[in-house]
A.B. asks: 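Have a look at the structure that comes next, please.
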Amino acid sequence: MENRHVRVRFAPSPTGPLHIGGVRTALYNYLFAKKHGGDFLLRIEDTDQSRFVAGAEDYIVDALNWCGIQVDEGVSAGGSKGPYKQSERRAIYHKYADQLIESKLAYYAFDTPGELTEMRERMKSAGVASPQYNVVTRGGMKNSLTLPAEEVRERLDRGDNYVIRIKMPRNKDIKFEDVIRGWVSVNTKNLDDKVLFKSDGMPTYHLANVVDDYLMGITHVIRGEEWLPSAPLHVLLYESLGWQGVMPKFAHLPLILKPDGNGKLSKRDGDRLGFPVFPTNWTNPETGEESSGYRERGYYPEAFNNMLAFLGWNPGTTQELFTMKELISSFSLDRVGKAGAKFDFDKTKWFNQQYLRSRSGDDLAKELTPYLKEEGLT
RNA sequence: GGUCCGUUCGUCUAGGGGUUAGGACUCAUGGUUUUCAUCCAUGCAACAGGGGUUCGAAUCCCCUACGGACUACCA
């Protein structure tokens, strides 16, 4: 298993334009894949149709393209493990949820949204800060663990709405070795019975993600730190499905933080401080609101990549200017830091300046001509 | 609140028992350039705090503080 052919994936959900953090995740995945002679896949995780945004998928493909991050397999690239869009894979997920139910590792739940909030309210007033559907509360809910078998069958036959939840073990330590953070251990008593399969017939992220990574032969999951808390659930899913032998290695990347203060970098920070947070221009199809991107602001993709690569990674030498080729040969997950990195727009401008200065006069002239024409200066 | 993760100049970071704690960005100063998103030089500036372990800790351990992520039939 150590010597499996490296396959990694970038799996965004098409809910809007890809921001800097997402591009960096894609970049690191790409660099890692190429460094090890492996494959870089692009998978669209659109299991929530209510959050679908028109044009987002094209935006992602176009942005990656501009950056020079080449997709080996996936949406827009094809491949033998497709389709690469989860909404087109809906037929394959249910059987894995069923498998989990058969092995008693998951169960049906019929609770209505109203009943769920009622339970949460009740728990809150009893002093529980964040109520969960878990070992202690599931006994009082409407599910196949509490309902008589016939009623469960009846409800199922009748076509009642139901979800499938994982049956979190009572008291089990789940450990895994994160490539960047080392051993991480969480006890299942702190985890809840997450919904695996939704009442609309689609899996949730957790199930779809694990099933697809398995089916697509993913060897390393390189993603943002915001996924660290759910990694134990994913590990448990691999074990429950009998796939522990081919479980990918996990690497949770530090977040990109806002330049001032703390917290994740967001679109609002860019607007507020006057710099783009997106690789290319984006127009919100619903509001018509426009957001500027680095491409249209005159940044070279090489500079953009170079800057992104250094936000959380460094080669351990004093070299700062790297071509994509050099990035590939130097990149290593070992040299990715653990702490979040504040975005530095000044440094970004500096990177671009370096690339600008290295252009020949001829190239520069060629690149500038369209602008001169536009201004009627030629 | 709970769980998990984190903490070296203002920022990105190197350094993993003995260093004048190094580099880059920003900033300041001087110089070069009668143009420039110049260039060169110099300078300012950091190990969160407290306990250990050790002859010796920025480096190892513990605690505290602070910060972040997560806590949906969202990803």
Side-chain angles (χ1 to χ4, degrees), chain A residues 11-16 22 44-52 86 109-113 116-117 120 124 127-134 161-165 174 176 178 180-209 223-233 252-265 297-299 303 307-321 335-357 364:
Chain A
S13 96
T15 53
I44 299 295
E45 311 226 319
D46 56 348
T47 50
D48 183 4
Q49 55 263 76
S50 70
R51 295 214 310 165
F52 173 82
Q86 291 181 331
F110 302 96
D111 316 274
T112 64
L116 286 174
T117 58
R120 294 202 173 97
K124 264 187 187 160
V128 180
S130 66
Q132 295 185 317
Y133 201 117
N134 60 17
N161 273 348
Y162 69 90
V163 300
I164 296 175
R165 287 179 180 274
I174 300 181
F176 67 95
D178 187 278
I180 293 170
R181 283 146 217 289
W183 284 98
V184 175
S185 171
V186 179
N187 191 287
T188 51
K189 68 180 168 215
N190 297 311
L191 268 22
D192 62 342
D193 291 357
K194 276 268 176 323
V195 170
L196 263 20
F197 203 88
K198 303 187 278 187
S199 58
D200 65 359
M202 286 293 279
T204 58
Y205 165 83
H206 300 105
L207 211 222
N209 187 263
R223 77 224 307 188
E225 189 185 340
E226 67 268 28
W227 295 108
L228 195 48
S230 52
L233 168 66
H252 289 94
L253 269 18
L255 265 15
I256 295 181
L257 278 14
K258 51 189 72 201
D260 55 343
N262 296 297
K264 250 207 279 198
L265 178 71
R297 282 262 205 130
Y299 285 78
M307 174 276 291
L308 242 28
F310 270 70
L311 232 40
W313 170 86
N314 78 83
T317 66
T318 55
Q319 184 184 349
E320 293 199 275
L321 267 16
R335 297 206 63 88
V336 172
K338 300 181 194 338
K342 292 186 181 180
F343 179 72
D344 185 348
F345 190 45
D346 281 322
K347 190 81 183 217
T348 304
K349 287 191 278 194
W350 178 82
F351 271 113
N352 201 233
Q353 183 195 142
Q354 302 309 305
Y355 283 87
L356 183 66
R357 284 210 289 142
L364 233 33

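Treat the numbers as computed from the prediction; the structure is a model and nothing was measured. Every chain is numbered from 1, with letters handed out A, B, ... down the list of sequences.
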A.B. asks: Send over the distance from A/Asp46 CG to B/C74 P, rounded to a whole Å.
C.D. replies: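 A/Asp46 atom CG is separated from B/C74 atom P by 13 Å.
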A.B. asks: Using a cut-off of 4.0 Å on non-hydrogen atoms, how would the nucleic acid contact of A/Val195 be classed: base, sugar-phosphate, or nothing?
C.D. replies: sugar-phosphate
A.B. asks: Would you indicate whether the side-chain heavy atoms of A/Leu191 and A/Val186 approach each other to under 4.5 Å?
C.D. replies: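 Yes, their side chains come closer than 4.5 Å.
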A.B. asks: Please work out if A/Gly312 contacts a base, only the sugar-phosphate, or nothing of the nucleic acid, heavy-atom cut-off 4.0 Å.
C.D. replies: sugar-phosphate
A.B. asks: Base, sugar-phosphate or nothing for A/Asn352? Non-hydrogen atoms, less than 4.0 Å.
C.D. replies: base
A.B. asks: Would you indicate, yes or no, if B/G15 has its OP1 or OP2 atom less than 4.0 angstrom from a side-chain nitrogen or oxygen of A/Arg335?
C.D. replies: yes
A.B. asks: Counting only side-chain nitrogens and oxygens, does A/Gln319 get under 4.0 Å of the OP1 or OP2 atom of B/A14?
C.D. replies: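 So the side-chain polar atoms of A/Gln319 never come under 4.0 Å of the phosphate oxygens OP1 or OP2 of B/A14.
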A.B. asks: Phosphate oxygens OP1/OP2 of B/C74: is one of them under 4.0 Å from a side-chain N or O of A/Lys198?
C.D. replies: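 Result: yes.
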A.B. asks: For A/Leu255 and A/Arg120, find the nucleotide of RNA chain B closest to each by heavy atoms; which residue's nucleotide sits nearer the 5' end?
C.D. replies: A/Leu255
A.B. asks: Distance criterion of 3.5 Å, no angle test: do you see the side chain of A/Ser230 paired donor-to-acceptor with the base of B/C70?
C.D. replies: no
A.B. asks: Return the nearest nucleotide to the side chain of A/Glu225; candidates are B/C74, B/G1, B/G68.
C.D. replies: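 Side chain of A/Glu225 sits closest to B/G68.
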A.B. asks: Could you please name the option among B/G6, B/C73, B/C39 that lies closest to any side-chain atom of A/Ser199?
C.D. replies: B/C73
A.B. asks: When the distance from CG of A/Asp344 to P of B/C12 is rounded to whole Å, what number comes out?
C.D. replies: 8 Å
A.B. asks: The side chain of A/Leu116 is closest to which nucleotide in this list: B/U71, B/C73, B/A69?
C.D. replies: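 Of all the options, the side chain of A/Leu116 is nearest to B/C73.
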A.B. asks: Side chains of A/Asn209 and A/Arg223, heavy atoms from C-beta outward: is any pair under 4.5 Å?
C.D. replies: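 Sidechains of A/Arg223 and A/Asn209: in contact.
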A.B. asks: Which one, B/A75, B/A37, B/A14, comes nearest to the side chain of A/His206?
C.D. replies: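 Closest nucleotide among those given: B/A75.
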A.B. asks: Side chain of A/Pro113, heavy atoms from C-beta onward: which of B/C73, B/A75, B/C25 has the nearest atom to it?
C.D. replies: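 For the A/Pro113 side chain, the nearest candidate turns out to be B/C73.
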A.B. asks: Just N and O in the side chain of A/Lys264: are any of them under 4.0 Å from OP1 or OP2 of B/C70?
C.D. replies: yes
A.B. asks: Starting at atom CG of A/Leu253, determine the distance to atom P of B/C4, rounded to an integer number of angstrom.
C.D. replies: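 It is 22 Å, rounded to the nearest whole Å.
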A.B. asks: Tell me: CD1 of A/Ile180 to P of B/U7, nearest whole Å?
C.D. replies: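 It is 13 Å, rounded to the nearest whole Å.
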A.B. asks: Over all strands shown, is A/Leu356 touching base, sugar-phosphate only, or nothing at heavy-atom distances under 4.0 angstrom?
C.D. replies: base
A.B. asks: In whole Å, measure the gap between the P atoms of B/A48 and B/C9 for me.
C.D. replies: 7 Å
A.B. asks: If you pin A/Lys194 and A/Arg181 to their nearest nucleotides in RNA chain B, which one's is more 5'?
C.D. replies: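 Of the two residues, A/Arg181 wins.
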A.B. asks: Any Lys/Arg nitrogen of A/Lys258 or A/Asp260 sitting under 4.0 Å from an Asp/Glu carboxylate oxygen of the other?
C.D. replies: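 No, A/Lys258 and A/Asp260 are not salt-bridged.
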A.B. asks: Is the ring pair A/His206/A/Trp227 parallel, tilted or perpendicular, if the boundaries are 30 and 60 degrees?
C.D. replies: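 A/His206 and A/Trp227: perpendicular rings.
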A.B. asks: Are the side chains of A/Tyr133 and A/Val195 in touch, meaning some heavy atoms are under 4.5 Å apart?
C.D. replies: no
A.B. asks: Both distances below 3.5 Å, Watson-Crick or wobble geometry, any strand: find the nucleotide opposite B/U71.
C.D. replies: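 By the stated definition (distances under 3.5 Å), B/G1 pairs with B/U71.
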A.B. asks: Counting only side-chain N and O atoms of A/Asn190, is one of them less than 4.0 Å from OP1 or OP2 of B/G2?
C.D. replies: no
A.B. asks: Go ahead and name the base partner of B/C66; Watson-Crick or wobble counts if both distances stay under 3.5 Å, otherwise write none.
C.D. replies: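 By the stated definition (distances under 3.5 Å), B/G6 pairs with B/C66.
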A.B. asks: Decide yes or no, distance alone: a donor-acceptor N/O pair under 3.5 angstrom between the base of B/G1 and the side-chain of A/Ser130.
C.D. replies: yes
A.B. asks: Sort out the partner of B/U35 for me: Watson-Crick or G-U wobble, both distances under 3.5 Å, none otherwise.
C.D. replies: none
A.B. asks: Within the 4.0 Å heavy-atom criterion, would you say A/Ser185 contacts the bases, only the backbone, or no part of the nucleic acid?
C.D. replies: sugar-phosphate
A.B. asks: Side-chain N or O of A/Arg357 less than 4.0 angstrom from OP1 or OP2 on B/C39?
C.D. replies: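 It does, given that an N or O in the side chain of A/Arg357 lies less than 4.0 Å from OP1 or OP2 of B/C39.
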A.B. asks: Hunt down the Watson-Crick or G-U wobble partner of B/G43, both distances under 3.5 Å, from any strand shown, or write none.
C.D. replies: B/C27
A.B. asks: Atom NZ of A/Lys349 and atom C1' of B/U38: how far apart are they, to the nearest Å?
C.D. replies: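 About 16 Å, once rounded to whole Å.
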A.B. asks: Applying a 4.0 Å non-hydrogen cut-off, can you work out what A/Asn134 is touching in the nucleic acid: base, sugar-phosphate, or nothing?
C.D. replies: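 If one applies the 4.0 Å heavy-atom cut-off, A/Asn134 turns out to touch nothing in the nucleic acid.
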A.B. asks: Distance check needed: B/C70 C1' versus A/Gln132 CD, whole Å only.
C.D. replies: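 In whole Å, B/C70 C1' and A/Gln132 CD are 11 Å from each other.
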A.B. asks: Rounding to an integer number of angstrom, what distance separates B/G16 and B/U7 when you compare their P atoms?
C.D. replies: 16 Å
A.B. asks: Counting distance only, does the side-chain N/O of A/Lys198 pair as donor-acceptor with the main-chain N or O of A/Thr47 below 3.5 Å?
C.D. replies: yes
A.B. asks: Would you call A/Val184 and A/His252 a side-chain contact if the rule is heavy atoms closer than 4.5 Å?
C.D. replies: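 Side chain of A/Val184 against side chain of A/His252, heavy atoms only: no contact under 4.5 Å found.
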A.B. asks: Closest approach to the side chain of A/Val184, judged atom by atom: which nucleotide of B/C74, B/A24, B/C4 is it?
C.D. replies: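 So the nucleotide nearest the side chain must be B/C4.
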A.B. asks: Which one is paired to B/A57, where only Watson-Crick or G-U wobble pairs with both distances under 3.5 angstrom count?
C.D. replies: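 Partner of B/A57: none found under 3.5 Å.
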A.B. asks: Applying salt bridge (charged side-chain N to carboxylate O under 4.0 Å, His left out) to A/Lys342 and A/Asp344, what does each step give before you reach the verdict?
C.D. replies: CA-CA 6 Å; A/Lys342 292 186 181 180; A/Asp344 185 348; over 6 Å; no
A.B. asks: Quick check on B/C74: is either OP1 or OP2 less than 4.0 Å from any side-chain nitrogen or oxygen of A/Thr47?
C.D. replies: no
A.B. asks: By nearest atom, which of the nucleotides B/C70, B/A37, B/U26 is closest to the A/Asp346 side chain?
C.D. replies: B/U26
A.B. asks: Checking contacts here: which listed nucleotide (B/C73, B/A75, B/U11) is nearest the side-chain heavy atoms of A/Tyr205?
C.D. replies: B/A75
A.B. asks: Rounding to an integer number of angstrom, what distance separates B/G52 and B/A57 when you compare their P atoms?
C.D. replies: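 Result for the P pair: 11 Å, nearest Å.
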